[in-house]
Participant: 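One structure coming up, written as structure tokens, with questions to follow.
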Number of protein chains: 2
Amino acid sequence: MPLHEHPAATDAARELIAARGGRVTRTRVAVIQALQRSAHPLSHDELGAALDGAGIAHDRVTLYRALDWLVEQGIAQRIAGGERAWRFEIRRDGDHRHAHFHCERCGQIVCLEDVSAAAPTLPAGFAVARAELVLHGACADCGREGVERKER
Amino acid sequence: MPLHEHPAATDAARELIAARGGRVTRTRVAVIQALQRSAHPLSHDELGAALDGAGIAHDRVTLYRALDWLVEQGIAQRIAGGERAWRFEIRRDGDHRHAHFHCERCGQIVCLEDVSAAAPTLPAGFAVARAELVLHGACADCGREGVERKER
DNA sequence: AGTCTAATGCTACAATGTTGCATCAAAAGC
DNA sequence: GCTTTTGATGCAACATTGTAGCATTAGACT
Ligand SMILES: [Mn+2]
Ligand SMILES: [Mn+2]
Ligand SMILES: [Zn+2]
Ligand SMILES: [Zn+2]
């Protein structure tokens, strides 16, 4: 049994899943909670570590499939970051799709909640399903001198 | 010797390379020409096919390295597409970075030359090096009925 | 032609995902 | 509670995209 589990948060996660007719499994519940607790979008790898930390056994493939399902159901959304791995974040209600900032020094993705990623007017015939705006550069933390580089 | 080689275009490519102090090799010349001729950004794989078509022997790794060099030198630029592979396009002079459209049906990336990907104002401390705006949906061709799906 | 070294071509490896299939367990029916 | 059903899991094998090391080749310069 996972340590430091908040019963209320767990129940909320369970209901999110059940409402879509999905089976409430430890992996899905734990992933939702990890996403909800995180201030920034998480990679598959980071989520795996979070599950390990919570004492939840899991398989790489199961995690991929749980994430696919959460995205399909609109519970989570996928972000293309700019590196080669997807990142995931919870979709909060009334969430206009916001822009993200990718720090090329520390590798973090920061949500720019106040910067919307709105689709501009396009040539006739194009149907836009969603817009992704990613800014690349150095984040506030890394802009300061003396911060160690963490990624290529 | 490659078929259908335009001497003038070849010379232009050679000069682009030589101007940066790089060695003029068949791979680099052919890649530049393929990018210049293409109406849309090309993946590594598509470029490989183009080289094969031009009768230019090459190695996967060499192509990756040629592309890295072209990007470093500012001759080409990399685009994150939304699938898992980079795309490359030539950097034309006076090129404001434009947005791209990713068609989820046919998989193509279309340049939206008229839609600029400008960076909005960010929280203090953030330094933006470049902005990427990608719109996902169905392109004009795929919007019409009866068009075969090419990609997941 | 001879020299220097950037670029290439291998081979091997890493990172990120996907597919198929046998097994398990969550939810429903009894 | 016990059984049944089938969605979800775990495992092994594979696919795709990109990198690293190193011996060899060939572009540029004299
Ligand atoms: Mn976000
Ligand atoms: Mn473009
Ligand atoms: Zn940073
Ligand atoms: Zn299309």
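Computation of the quantities below employed the complete heavy-atom set of this structure, encompassing side-chain atoms and omitting hydrogens, waters and symmetry-equivalent molecules. A, B, ... follow the sequence lines: proteins, then strands. Residue 1 opens every chain. The structure displayed is predicted, hence computed values, not measured ones.
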Participant: Would you please say whether a donor-acceptor pair under 3.5 Å links the side chains of A/Q77 and A/R130?
Facilitator: no
Participant: Which nucleotide, D/dT17, C/dG9, D/dT9, lies nearest any side-chain atom of B/Y64?
Facilitator: D/dT17
Participant: Classify the side chain of A/R28 versus the base of D/dG7 as yes if they form a donor-acceptor pair under 3.5 Å and no if they do not.
Facilitator: no
Participant: Can you find a side chain N or O atom of A/W86 that sits less than 4.0 Å from OP1 or OP2 on C/dG17?
Facilitator: yes
Participant: Looking only at the side chain of A/R23 (C-beta and beyond, no hydrogens), which of the listed nucleotides D/dG7, C/dC21, D/dA28 gets closest?
Facilitator: D/dG7
Participant: Any donor-acceptor pair under 3.5 Å joining the side chain of B/R65 to the base of C/dG9?
Facilitator: yes
Participant: Are any of A/T62's side-chain N or O atoms less than 4.0 Å away from OP1 or OP2 of D/dG10?
Facilitator: yes
Participant: Both B/R26 and B/A85 contact DNA chain D. Taking the nearest nucleotide for each, which residue is further toward the 5' end?
Facilitator: B/A85
Participant: What is the distance from CG of A/L63 to P of D/dC11, rounded to the nearest Å?
Facilitator: 14 Å
Participant: OP1 or OP2 of D/dT9 less than 4.0 angstrom from a side-chain nitrogen or oxygen of A/T27, does that happen here?
Facilitator: yes
Participant: How many angstroms lie between CD in B/E132 and CZ in B/R78, if you round to the nearest 0.5 Å?
Facilitator: 10.5 Å
Participant: B/I17 has an atom CD1; how far is it from atom C1' of D/dA28, in whole Å?
Facilitator: 14 Å
Participant: In plain terms, say whether A/R20 and A/E72 are close enough for a salt bridge, that is, a side-chain N and a carboxylate O under 4.0 Å apart.
Facilitator: no
Participant: Please give, in whole Å, the distance from D/dG18 P to B/W69 CH2?
Facilitator: 20 Å
Participant: What's the closest nucleotide to the A/V61 side chain, out of C/dT18, C/dT8, D/dA8?
Facilitator: C/dT18
Participant: Please state how far atom CD in B/E15 lies from atom P in D/dA28, giving the value in whole angstrom units.
Facilitator: 13 Å
Participant: Could you tell me the separation between the CZ atom of A/R84 and the P atom of D/dT16, rounded to a whole number of Å?
Facilitator: 13 Å
Participant: How many angstroms lie between atom CD of A/Q36 and atom CG of A/L16, to the nearest 0.5 angstrom?
Facilitator: 6.5 Å
Participant: Send over the distance from B/R20 CZ to C/dA6 P, rounded to a whole Å.
Facilitator: 19 Å
Participant: Using a 4.0 Å heavy-atom cut-off across all strands, classify B/T25 as base, sugar-phosphate, or nothing.
Facilitator: sugar-phosphate
Participant: Is it the case that C/dG17 (base atoms only) and A/R60 (side chain only) share a donor and an acceptor within less than 3.5 Å, ignoring hydrogens and angles?
Facilitator: yes
Participant: Given atom CZ of B/R78 and atom P of D/dT17, what is their separation to the nearest angstrom?
Facilitator: 15 Å
Participant: Rounding to an integer number of Å, can you tell me how far A/F88 CZ sits from C/dT16 P?
Facilitator: 12 Å
Participant: Both B/H44 and A/D59 contact DNA chain D. Which one's nearest nucleotide lies toward the 5' end?
Facilitator: A/D59
Participant: Could you tell me whether the side chain of B/R60 and the main chain of B/H44 form a donor-acceptor pair under 3.5 Å?
Facilitator: no
